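Worksheet: the structure to be examined is printed underneath.
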Amino acid sequence: VYSADVPKILGIVKFMSMLPCGISALVGGVAILVSFLGVTSLVCLGCMVLTLGAQGALTGAGKSCEKPMLLARDARVNAITRAIESAKAVKFYAWEEQYEAAIGALRERQMDLVLRYRSFVLFSVNIGKSFPVVAGGVTLLSVASQQGGTLDAADAFGALAVFQTLRVGMIMVPLSFVLVNTCLVTF
């Protein structure tokens, strides 16, 4: 079982190293937006809170799948180990089909949980990826409406570039909660 856990933890550590970059992108990005567009640009904070709330709900759902998924993996690996250790008896009594069916059912259960877990994580990541477009549009429209319907092109394109940097934080911060939970559940 540990042969599967150690590579998983090493993969998680690789992503967790980007968490400081994500946090600094969020803090710095908001500060730059305020300096570019003024206080009205804080509308992006409202979008950010709503987005992080949705991602938090998805992260919580993903966390609930983590432990059952690992237990299902362990059950399948144990069943395969038993089949290998008793291969002579399995062959002698012609139990291959029963073992295959039992291991197949365990694998199917594990894959259902993996699919559910990955769906929650990927949906959360994709919400973070779409954040710059949605929040950028809402923020620029609110700033333009405050300024009488006009917005300087340099400010608009500069703000859009900043929203793209916010994307890193909107992906990494919620994802880090899932990754930390994976580390805690694994050991």
Side-chain angles (χ1 to χ4, degrees), residues 2-70 73 113-144 146 151-187:
Y2 285 109
S3 64
D5 291 337
V6 172
K8 189 174 190 176
I9 296 296
L10 290 175
I12 289 170
V13 168
K14 178 178 67 175
F15 283 107
M16 289 300 294
S17 65
M18 292 189 61
L19 180 61
C21 176
I23 292 172
S24 63
L26 287 176
V27 172
V30 170
I32 291 171
L33 280 175
V34 170
S35 69
F36 262 153
L37 301 174
V39 180
T40 309
S41 67
L42 291 178
V43 168
C44 79
L45 286 179
C47 292
M48 193 180 302
V49 168
L50 291 173
T51 303
L52 284 173
Q55 287 178 305
L58 291 169
T59 300
K63 282 182 185 181
S64 69
C65 296
E66 188 79 32
K67 190 164 185 143
M69 181 179 67
L70 293 175
R73 181 202 64 198
L113 290 167
V114 168
L115 178 64
R116 183 175 165 85
Y117 169 77
R118 293 297 301 162
S119 296
F120 285 127
V121 170
L122 290 176
F123 193 51
S124 175
V125 167
N126 285 326
I127 287 175
K129 286 181 179 180
S130 68
F131 171 76
V133 175
V134 174
V138 169
T139 301
L140 291 177
L141 287 173
S142 64
V143 169
Q146 186 219 14
L151 184 62
D152 185 30
D155 288 341
F157 286 115
L160 289 175
V162 173
F163 275 110
Q164 290 300 324
T165 63
L166 286 173
R167 189 176 101 179
V168 173
M170 294 302 292
I171 294 170
M172 290 311 302
V173 171
L175 185 59
S176 68
F177 293 122
V178 172
L179 297 177
V180 167
N181 188 60
T182 301
C183 288
L184 294 175
V185 169
T186 300
F187 294 107

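What you see is a predicted model, and the numbers here were worked out from it, not measured in a lab.
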Handout entry: Minimum heavy-atom distance V43-T139, with the two atoms named
Key = C-OG1, 4.1 Å
Practice task
Determine yes or no for a side-chain-to-main-chain donor-acceptor pair under 3.5 angstrom, with S124 supplying the side chain and F120 the backbone.
Solution key: no
Completion exercise
d(M69 CE, S64 OG) to nearest 0.5 Å is 10.5 Å
Exercise for the section: Identify the heavy atoms of Q55 and I127 that sit nearest to each other, and give their distance. Expected result: CG-CG2, 3.9 Å
Problem - Heavy-atom pair of closest approach, residues A135 and C47 - result: CB-CB, 3.8 Å
Completion exercise
Smallest heavy-atom separation, A159 atom then L140 atom, equals CB-CD2, 4.0 Å
Exercise for the section: Provide the closest heavy-atom pair for P68 versus C65 in the form atom of the first, atom of the second, distance. Expected result: CD-O, 3.5 Å
